[in-house]
Amino acid sequence: MDFPVFHLDWLGNRGLIAIVAVLHVFINHALAVGAAPLITAMEWWGLRTGDQRWDRLAYKLLGVCFIITTSVGALTGVGIWFTTSLVNPAAIGSLIRVFFWAWFTEWIVFVTEVGLMLVYFLTWKRMTGARKRRHIGIGVALSIASWGTMAIIVAILGFMMDTGSWPAQPSFWRGVLNPIYLPQLLFRTPYAMMAAGLFAMLGALLLTQRGSEFRAKAVRFVSVWTLMWTPLCLAGAVTYRLVIPKQMAAEFPVALATLAFQQWYHTLLWVIAGAIGVMLLATLLGAVRPARFPRVALVLPFMLCLLLLGSFERVREFVRKPFVIENYMYANGIRKDAYPLLAKEGLLSLATYTPVRTVNDADALVAGKEVFRLACTRCHTTHGVNSVVAKLTGLFGKPPWVREDVDRYLANMQNARPFMPPLPGTDAERAALVEYLLSLPNTDGELPGAQSVGVQVPPAGAG
C-alpha cells in the first residue's frame, strides 16, 4: 500500500511474472546448472580417451549454452527482479530485509559464473595439450558457481513456502535453513542434470554425423548421464513432497484442476502423448525407419522435461497461496498482522497512493475500484486473464448478480477458497467493492495501472 499499483489488465500481474520467471528457470536449470558439469565431463572424457570428437562436440554445445544464457538467461534474470518489484514491491522489500546478505553473495557468485563462462568458452581452442587439464579445471569451477547461484536462490524460494521458526525468532540463518530448503535443492539439482542430458542428447543427434560410430557413443554417454540422475531426481521429489505443509498439500488437486492450468497443460500433454503414439505406430507399421526415429523422438522427452518444470513451478506458486511469504504476508502484498488495523481504520485511509480516503455514496464506485486495485490486482484482472468477471460468473451464473450473494462471498471467501486471502478493510469498503464488481459486466474497458494513469496521490487536504 506504500507504492503505486502496477497492473496489466489483459495479461494479469501474475502472468507477467510467470512468463519471465519460468523461461529463466528453463534456461538456468538446463543450460547452466546442468549443462556446465555435463560439458566439462565430455571434455574430460575426450582428454582421457584421446578422441578429439568429444572435445568438438562439447565445444559446440557450450557455444549454444553461452549464447542463450548470456543473452536470454541474463535478461530474464534481471526481468524477474524488474517484474516482481513492479507487481509486489512490499514482498520483495521484505525478502531483501531478511536475505540481503544471501542476495549479495548470490550476485558475487553470479558475476563469477558469467566471468568463468566467458573464460571457459573463449579459451577453449587456446588451452590445449598440457594446458587442457587447467581448462577442465575452469569448467569444474564454472559448474560449482552455476550450482551455487541456484543453491542460494532456492533458500529464498523455500522460505516463501515455509518460514519455519523464523516468525517467532527472526534471523538470517533461520530464514535460510527453512524446512523446505534442502529437500527442494535435492530435487532441483538432479532435475537440472536430467534436463541438460536431454538437451545434450538432441545436440548429439544434430551436431554429429548420421550413422557414425561417434554418434552412437555420444548418445550412449548422455543417456547414461540422464539415467544416472533420474532416480536421484525421483528421490528428491519424494523428499520435497514429504516436507510440504499440510495446508499446502491439500491444495494440490485444486492447483492441478484449475481451468486456466487445465487448458494448456492437458492439451499439451495430449499432443505430446499423441505424437509419441503416432511415431510408435508408424515405426511398427514400417512407415518410419528406425534409423530416423531417435532424432524425432528425442524432442519429446525434452519437451516433457520442460513441461515437468513448468507444471512444478505453477503448482508450487499456487499451493503457497494465500501467502506470498508463508504466515507473514498475503499474496496481495499486505502483511497478516496488518489486517486488524485495516479492519478498524480502513484500507483506503492507510494507502499512500489513492484518490479517495473514505467511502460515501457519491464516490462508491471510485472507492470500490481502488479497493479492487489495492487488494485484488496482484492475482486478478477485470476482463483479462484470470478475470474477476469470469470467476463470479462461474460462481453465480451470468450477470446481473445478486448484491447480497456477492457481499456474502467476499466476506467469507477465504473459507470457501483457502488459497485466497481474506478481504482487507472495513465493511463499507467491502460494500464499495461489491458495487464496483456489479458494474464490471456493463463495461469492457481495462482497469489501468499506475504506469498508464500516473501516480495516484491523495486529494488536497487529505490526511
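Along the sequence shown, residues carry numbers from 1. Scope of the values below: all heavy atoms of this structure, side chains included, with no hydrogens, waters or symmetry mates.
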Cationic N near anionic O, under 4.0 Å, Glu251 to Arg320: no

Going by distance alone, is a donor N or O of one side chain under 3.5 Å from an acceptor N or O of the other, for Gln52 and Arg56? no

Should the pair Tyr328 and Trp166 be assigned to parallel (<30°), tilted (30 to 60°) or perpendicular (>60°) ring geometry? perpendicular

Do Thr382 and Asp9 meet the criterion of a side-chain donor-acceptor pair at a distance under 3.5 Å? yes

Any side-chain to backbone donor/acceptor pair from Tyr339 onto Pro422? Under 3.5 Å, distance only. yes

Where does the angle between the aromatic ring planes of Trp81 and Trp103 fall among parallel (under 30°), tilted (30 to 60°) and perpendicular (over 60°)? tilted

Per the ring pair (Phe, Tyr, Trp, His ring centres under 6.0 Å) rule, which among Trp44, Tyr59, Phe121, Trp124 passes with His135? Trp124

Test of understanding: with side-chain hydrogen bond (donor to acceptor under 3.5 Å, both in side chains), list the residues that count as partners of Glu446, not counting sequence neighbours. none

Aromatic plane relationship, Trp54 with Trp45 - under 30° parallel, 30 to 60° tilted, over 60° perpendicular: perpendicular

Modelled atom types, side-chain donor and acceptor of Ser311 and Arg314, under 3.5 Å: no

Checking side-chain polar atoms at under 3.5 Å, does Gln169 have a donor or acceptor matched by the opposite partner on Arg174? yes

Going by side-chain hydrogen bond (donor to acceptor under 3.5 Å, both in side chains), name the residues that satisfy it together with Glu213, two or more places apart in sequence or in a different chain. Lys217

Which value, rounded to the nearest 0.5 Å, describes the distance between Ser94 atom OG and Phe99 atom CZ? 11.0 Å

Apply the test side chain to side chain donor-acceptor pair (under 3.5 Å) to residues Thr381 and Trp10: give CA-CA distance (whole Å), side-chain angles for both, the deciding distance (0.1 Å), then the verdict. CA-CA 7 Å; Thr381 65; Trp10 58 278; over 6 Å; no

